[in-house]
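Lettering follows sequence order; numbering is per chain, from 1. Note that the structure is a prediction, hence the values are computed from the model and not measured.
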2 protein chains.
Amino acid sequence: MLAAFRRVAEAGFEGLRLRQVAEDVGIDHSTLHHHFATKQDLVLAVAEYATRQFWVLGDGPPDPARALREHLAGLRRMLDERPELFVVTVELDLRARRDPAVDDALRRHEAGWREVLSDVLTAGNAAGAWAAPLDVAVTTELVIATAKGVRLAPAAAGPVFAQLEAMVIGDRGEQP
Amino acid sequence: MLAAFRRVAEAGFEGLRLRQVAEDVGIDHSTLHHHFATKQDLVLAVAEYATRQFWVLGDGPPDPARALREHLAGLRRMLDERPELFVVTVELDLRARRDPAVDDALRRHEAGWREVLSDVLTAGNAAGAWAAPLDVAVTTELVIATAKGVRLAPAAAGPVFAQLEAMVIGDRGEQP
DNA sequence: TCCACTCCACCAACCACTTGGTTGAGGCTA
DNA sequence: TAGCCTCAACCAAGTGGTTGGTGGAGTGGA
């Protein structure tokens with residue numbers, strides 16, 4: 001339910017009230033229970049919805065350097081256009097510590113992300129696209145950590161990602 | 001109040017209950033109100049306490065490369081020994097979006113951190129301690145973002161920080 | 001066409017329980 | 001006595017969740 005997502009973005013899971021969500025949609029809160037048996041079900045729906053939004057970040061072009069650049073550019077664009085999406089992600093990260101179902105959803109999502117990055121970095125190693133050969137696993141984690149770190153600071157994302165690119169790809173010909 | 005901090009670490013602000021905190025300390029919840037007029041005051045105390053814990057990360061040695069390494073090593077050590085501290089920090093980051101007082105406390109804390117990093121990076125530029133001259137402001141943000149990104153994944157911190165060091169300092173003689 | 005009959009989305013009222021916060025009446029020490 | 005610290009009892013305002021029931025859109029048979 002989109003309304004629930006918006007509520008979480010605004011007030012966090014701490015402020016998620018079934019009655020409020022129901023009112024946003026214009027129905028009674030008991031009717032909401034008709035669609036989501038428990039609050040937990042609603043939370044899970046929000047988690048699934050939020051993670052699904054990242055599917056738009058597809059595989060990208062075959063050239064590893066371009067693929068990495070576009071991946072980061074995609075993230076930055078989403079961060080600019082839909083900052084709430086990332087806020088909810090942080091909220092979910094926190095909730096995953098106490099909620100196995102959310103943890104599971106998030107884990108699957110992150111595994112997909114990790115795979116995309118690993119593939120790009122591996123391809124880049126093979127093609128000699130990076131400034132220096134990279135430890136794929138660790139660099140994947142570095143990129144993920146950096147991305148997670150700017151989730152609540154959209155303004156910082158641009159420069160930070162640029163710097164990260166520069167360090168990974170090196171200074172060889174920026175945008176061709 | 002330490003008990004409150006522990007509660008936040010366990011259950012988040014979402015699960016922070018005055019009665020529970022009071023019980024942890026062994027007093028009545030109304031007595032708690034005698035020490036903290038409102039819940040908000042307690043939350044603020046937790047915020048102040050949490051940020052104060054990072055004061056142990058002092059200036060470090062004069063040599064920039066060593067200073068950076070020790071700074072990251074210090075963070076990693078804290079992350080290993082007191083992961084809850086970082087969890088609460090994330091929780092605070094989120095809460096700061098809705099709570100100006102928390103936002104203020106966090107902003108001051110982050111300003112201090114930013115200054116330490118900026119100083120080290122600037123000194124490193126002057127001494128030619130880095131692999132290449134750095135944009136101090138952006139690199140500061142990069143380090144902060146990375147650190148924030150691993151707050152909920154202590155295991156990743158070690159390798160990620162090592163990689164970050166390698167990229168900033170270059171491969172010139174690891175630990176002397 | 002009419003008549004059950006079944007779904008489905010919906011709501012008002014209610015329930016048991018929890019929340020943060022208040023009050024007034026003691027106790028303890030100085 | 002004065003000034004804290006403590007507590008039990010209480011309160012109003014919610015909380016998630018349940019219940020019994022309403023009305024309309026379909027469906028099948030006669």
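Aromatic ring centres of A:F13 and B:F13 lie farther apart than the 6.0 Å criterion allows.
Contact annotation: B:T31 side-chain N/O to D:dC7 OP1/OP2 distance is under 4.0 Å. Phosphate proximity of D:dT6 to B:H33: absent, as no side-chain N or O sits under 4.0 Å from OP1 or OP2.
Counting to the nearest Å, the P atom of C:dT19 and the CD atom of B:Q40 are 19 Å from each other. At whole-Å resolution of the value, CG in B:L32 and C1' in C:dG20 are 11 Å apart. In this structure, B:E14 atom CD and C:dT19 atom C1' are separated by 14 Å, rounded to whole Å. Protein atom CG of A:L16 is 11 Å distant from nucleotide atom P of D:dG17, rounded to whole Å. The CG-P distance, from A:L42 to D:dT15, rounds to 15 Å in whole Å. With rounding to whole Å, B:H34 atom NE2 is found 13 Å from D:dG3 atom P. Atom CG in B:L18 sits about 6 Å away from atom P in C:dG21, given to the nearest Å. For the pair B:I27 CD1 and D:dC4 C1', the computed distance is 14 Å after rounding to whole Å.
In the interface, the side chain of B:S30 is paired with the base of D:dA8 through a donor and an acceptor atom under 3.5 Å apart. B:H29 contributes a side-chain N or O that forms a donor-acceptor pair with the base of C:dG21 under 3.5 Å.
Ring-plane geometry between A:F54 and A:F86 is classed as perpendicular, the angle between the planes exceeding 60 degrees on a 0 to 90 degree scale with a lower cut at 30. B:H109 and B:W113 have parallel rings, their planes meeting at less than 30° on a 0 to 90° scale where 60° marks the start of perpendicular.
With rounding to the nearest 0.5 Å, the separation of CG in A:L92 from OG1 in A:T51 is 8.0 Å. A distance of 4.5 Å separates OG1 in B:T140 from CG in B:L121, rounded to the nearest 0.5 Å.
Counting non-hydrogen atoms under 4.0 angstrom, B:R17 reaches the backbone sugars and phosphates but no base.
Taking the side chain of B:R19 as heavy atoms from C-beta on, and the options D:dC7, C:dT19, C:dC14, the nearest nucleotide is C:dT19. When each of D:dG16, C:dA9, C:dG20 is scored by its nearest atom to the side-chain atoms of A:K39, the top-ranked nucleotide is D:dG16. Comparing D:dC5, C:dA12, D:dG16 by their closest approach to the side chain of A:D28 singles out C:dA12.
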